[in-house]
Amino acid sequence: MRSLQWSVCRELWQNRSILIGPLAAGFILIASFVIGTIAAPERVAGLLTMAAETRHDAVARPYGFAAAMVALGALLVSVFYCLGALQGERVDRSILFWKSLPVSDTTTVLSKACIPLVVLPLLVLTVTLGVQAVMLLASTLAMIATGTDPAVLWRELPLLEMPIALLYGIGVMTVIQAPLYAWLLMVSAWARRRAALWAFLPLLGIGAAEQMVFGRHPRFRDLIEYLIMGPFARAFAVDPTRAAPPPVIDRIALLDPAAVFGGLGVWIGLGLTAAFLFIAIRLRLDREPA
Amino acid sequence: MVALDGIDLAVEEGHILGIVGPNGAGKSTALHALLGLVACEGSVRVLGKDPRRERNRLMREVSFITDVAVLPRWIRVGQLLDYVAGVHPRFDRAKAEGFLARGGIRSADQVRRLSKGTVTQLHLAVVMAIDAKLLVLDEPTLGLDPLARKQFYDALLHDYFDHTRTIVVTTHQIGEIQDVLTDFAFLNAGQIVLTGTMEAFESRYAQLRVHPGRLDAARALGSIHERHVLDRSILLFDGADRERLEMLGDARRPTLGDLFVAAMEGGSRRMEVAR
C-alpha cells in the first residue's frame, strides 16, 4: 500500500498537467463568471424574476455547466495521461531505474490506473465545489450590490443536495469510462511508438468496416456515446442528453443508481477494465526499453 | 534470436565479478536475466530466489545501475530520495544525503540540469545508501570522462564494498576495473569464453615481447596468442616457466585486456577455466 501511495505521488510529480488541467479549467470558469457578473450584476437578480417553473433551471444551469466543463477537462487530461503513462518510461529508459526498486509491475500499473480512476475524479469534485462556491459568492455580492435579497438565490439552489449529486455523477462517469482508461493504458504498455494511433485506429476501423459491410447506423457510434454521454444518459431519472435545453440535475431525487448498476453493461465494462489492466501488467513485465 | 546460449555462471558472496565482452556479446542480456527483466530458459537463482517470479522480493536485496542515462530527467533530487525512501525498506536516506553533500548535489536540483558525471554520482549515492547484498552494474560509466570513471570506482570500493556484498559489473573499460575485480568472465556471441579468478589470472598468465630472431624459440614454449607491434612480437603464455621466458625477451604480467583480446581472437580454444 505504501509503495502504491508513493507511486501515485511519483505520477503527480512527473505529470503536473494532472493537477494543472482541472485547476486551469476551474480558474477560467471562475474568471469568466466573475467578469460576467461584474459586467452585468443585474443579470443574476433578473433570473429570479422568471416564472417559478423555469427559474430553478435558469439559476442552477451555470453550476451544472461548470461541473461538466471541469469533468471534460479531466477526461482530456486522463486520455493523454494514459496514452503516455507506460510508453514514456520505456522511451526515456527510466523503466530500468523504476524496475531496480522493490515495486512490482502490478503496483506500478495500478498506481497509473489510480490517476484517471481515483485522483482526477477527486480533483474534479474538489475543483467543481470550489468553483461553485466562488460562483455563489460572486452572485450573492452582485445581488447585494443591486439591492436584491440574496436569500432568494440561496433558496433556489439545493446547496446540500448539489455536492451529493455531483459526487454521484463523477462516480458513475468514472465507472463507465474505466474500460476506456484501462484500454489506453494497455495500448501504452504495448505500443513502441504512436500509442494514440494504435489506441483509436482499431476502433475507427471497426466503425468504418461496420458502416461499409452492414450499411447501417454503426454500433461504434453507440460505443462513443456510451463512453462520453453514457453516464449522463443512464445515471439519472431524466435523460439530459435527449432534452433541450438539458435539465439541471442537482437533487437526490433525480439520481437513479439502479439504472446504472442494475444493467449488465457496467459489469461487462468493469470486467474489461480488469482484463485490460492485467494485460498491461504482463506487458510491462516483458517489454524492454525502446 | 538466441542472445545467450548455455551460460553457466556462479558468483560467491563477497566477490566482484567482471563480465567482459564485445558489443552484442550478451552481457546486458545476462544481467537482465539475473534481474528478472527478461525471460530465459534454464535455471536462474539470485540469492536463492527466482528473479522472474520473485522480482519484487529480490529487489529488496539487490541494487542495479544499468547505465548512466536511466534516472528520470524530470525528477528532482529531493523527490528521488523521497520516493526511494518511501518504497525501499533498506534505504538509508541520511547516508544518501551525506554522499550527495560531498558531491555538492542539492535537493532542489533537477536531473535534467545535472551533468552526466553528476547524474552518475547521484545514482551511485542512491544505490550505495541501499543495504543490498548484491549490486549489479551494467556499463555504469559509459560515456563518462576518465576522471569521473575513476571517482565512480573509488567510491564503490571505499564507500560500499565491504567483503560481504557481491558486485557483478559489465564494462568495456577493462583496464579501469582490473584492480577492482576478484573474478572475471569473458562473454562472446552469447557464450562464456573464459572465466577465472584474478588471483589465478595473475599467477598463470605471462606476456613476452621478443625480437624476430627469438620468435621460434618463444613459440616452442607453447604460446596461446601472438600479435605483432612494430618490429616485435608479443606472445601470451598460460602457465609457462617465467625464468625461461625472461631468457628470451621482456617478460611481464599481461593485462586483463591482453587476455581478453587473445580470447576473442581465438586463443580461447586453448584456454581453460582459470581457477
Side-chain angles (χ1 to χ4, degrees), chain A residues 1-20 80-81 84-112 114-115 119 188-190 192 278-279 281-290, chain B residues 3 28-29 31-33 35-40 49 51-76 78-91 110-112 119 122-123 126-127 130 132 134-140:
Chain A
M1 198 61 188
R2 193 172 148 83
S3 292
L4 183 68
Q5 287 169 358
W6 278 105
S7 298
V8 171
C9 274
R10 187 247 276 193
E11 295 304 315
L12 296 176
W13 292 335
Q14 182 178 4
N15 302 281
R16 281 181 289 181
S17 63
I18 293 168
L19 298 175
I20 291 171
F80 284 105
Y81 165 80
L86 288 160
Q87 190 188 48
E89 62 178 12
R90 293 202 316 282
V91 171
D92 69 8
R93 295 172 54 81
S94 63
I95 191 170
L96 291 170
F97 173 70
W98 303 121
K99 284 200 173 195
S100 74
L101 298 167
V103 180
S104 67
D105 295 299
T106 304
T107 302
T108 303
V109 171
L110 289 181
S111 72
K112 289 172 188 289
C114 277
I115 298 298
V119 175
S188 179
W190 173 79
R192 295 196 189 282
F278 176 77
I279 296 169
I281 291 165
R282 298 300 304 175
L283 285 169
R284 190 177 189 268
L285 179 68
D286 288 321
R287 277 283 191 264
E288 291 185 43
Chain B
S28 295
T29 307
L31 294 194
H32 286 191
L35 298 164
L37 297 176
V38 292
C40 58
K49 296 182 181 68
R52 195 77 176 150
R53 291 184 181 169
E54 303 171 89
R55 200 176 66 79
N56 195 22
R57 282 175 57 210
L58 182 65
M59 284 304 120
R60 294 179 185 190
E61 299 177 289
V62 177
S63 292
F64 72 84
I65 298 180
T66 40
D67 71 37
V68 294
V70 301
L71 280 187
R73 288 168 53 75
W74 54 265
I75 207 164
R76 292 188 185 279
Q79 291 173 334
L80 185 67
L81 297 185
D82 286 344
Y83 182 74
V84 180
V87 301
H88 208 307
R90 290 169 171 259
F91 179 69
Q110 197 174 24
V111 168
R112 75 169 77 243
V119 173
L122 168 62
H123 202 164
V126 170
V127 163
I130 294 171
L134 171 66
L135 174 61
V136 177
L137 303 168
D138 184 13
E139 303 281 6

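Below, chains carry the letters A, B, ... as their sequence lines are ordered, and counting in each starts from 1.
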Enquirer: Between atom CZ of B:Arg53 and atom CG of A:Leu285, what is the distance when rounded to the nearest 0.5 Å?
Expert: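 Taking CZ in B:Arg53 and CG in A:Leu285, the distance rounds to 11.5 Å.
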
Enquirer: So which heavy atom on B:His88 is nearest to which on A:Pro102, and how close?
Expert: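 Scanning both residues, the minimum pair turns out to be CD2-CD, 3.2 Å.
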
Enquirer: How many angstroms lie between CG in B:Leu135 and OG in A:Ser100, if you round to the nearest 0.5 Å?
Expert: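 Those atoms lie 10.0 Å apart.
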
Enquirer: Quick check: do A:Trp13 and B:Leu80 have side-chain heavy atoms less than 4.5 Å from each other?
Expert: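 Counting from C-beta outward, A:Trp13 and B:Leu80 never come under 4.5 Å.
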
Enquirer: Where does A:Leu4 contact chain B at under 4.5 Å (heavy atoms): side chain, backbone, both or neither?
Expert: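 Contact with chain B involves no heavy atom of A:Leu4 at all.
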
Enquirer: Rounded to the nearest 0.5 Å, what separation is found between the CG atom of A:Leu101 and the CZ atom of B:Phe91?
Expert: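 A:Leu101 atom CG to B:Phe91 atom CZ measures 9.5 Å (nearest 0.5 Å).
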
Enquirer: What part of B:Ala132 lies closer than 4.5 angstrom to a heavy atom of chain A: side chain, backbone, both or neither?
Expert: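 The answer is neither part of B:Ala132.
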
Enquirer: Tell me whether B:Arg55 contacts the main-chain N or O of A:Ser104 through its side chain, where contact means a donor paired with an acceptor under 3.5 Å.
Expert: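 No, the answer is negative, given that no donor and acceptor are paired below the 3.5 Å cut-off.
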
Enquirer: To check you understand the geometry: which heavy-atom pair defines the closest contact between A:Val103 and B:Asn56, and what is its length?
Expert: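 So the minimum-distance heavy-atom pair works out to N-OD1, 3.4 Å.
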
Enquirer: Find out whether B:Leu37 and A:Lys99 are in side-chain contact, i.e. whether some heavy atom of one side chain is under 4.5 Å from a heavy atom of the other.
Expert: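 Answer yes - side chains close enough.
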
Enquirer: What's the verdict on side chain to side chain contact (heavy atoms under 4.5 Å, CB included) for B:Val84 and A:Trp6, showing C-alpha distance, side-chain angles and the deciding distance?
Expert: CA-CA 9 Å; B:Val84 180; A:Trp6 278 105; over 6 Å; no

Enquirer: What residue, out of A:Gln5, A:Gln14, A:Arg10, has the most heavy-atom pairs lying under 4.5 Å from chain B?
Expert: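 If we count pairs closer than 4.5 Å to chain B, A:Gln14 comes out on top.
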
Enquirer: Heavy-atom cut-off 4.5 Å, strictly under: side chain, backbone, both or neither for A:Ser7 against chain B?
Expert: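 For A:Ser7, backbone and side chain are both near chain B.
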
Enquirer: Would one find more than 12 heavy atoms of other residues, nucleotides or ligands at under 6.0 Å from atom CZ of B:Arg52?
Expert: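 Yes, because the 6.0 Å sphere around CZ of B:Arg52 holds more than 12 heavy atoms from other groups.
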
Enquirer: Let's test your reading of the structure: which of B:Arg73, B:Arg57, B:Arg60 forms the most heavy-atom pairs below 4.5 Å with chain A?
Expert: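 Highest number of heavy-atom pairs under 4.5 Å: B:Arg60.
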
Enquirer: Can you measure from CH2 (B:Trp74) to CG (A:Asp92) and round to the nearest 0.5 angstrom?
Expert: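 That separation rounds to 9.5 Å.
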
Enquirer: With a 4.5 angstrom heavy-atom cut-off, is it the side chain or the backbone of B:Val127 that approaches chain A, or both, or neither?
Expert: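 Looking at B:Val127, nothing touches chain A.
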
Enquirer: Step by step, work out the side chain to side chain contact (heavy atoms under 4.5 Å, CB included) result for A:Ser94 and B:Val70.
Expert: CA-CA 5 Å; A:Ser94 63; B:Val70 301; 5.7 Å; no

Enquirer: For A:Phe97 and B:Phe64: C-alpha separation, side-chain torsions, deciding distance, then whether side chain to side chain contact (heavy atoms under 4.5 Å, CB included) applies.
Expert: CA-CA 8 Å; A:Phe97 173 70; B:Phe64 72 84; over 6 Å; no

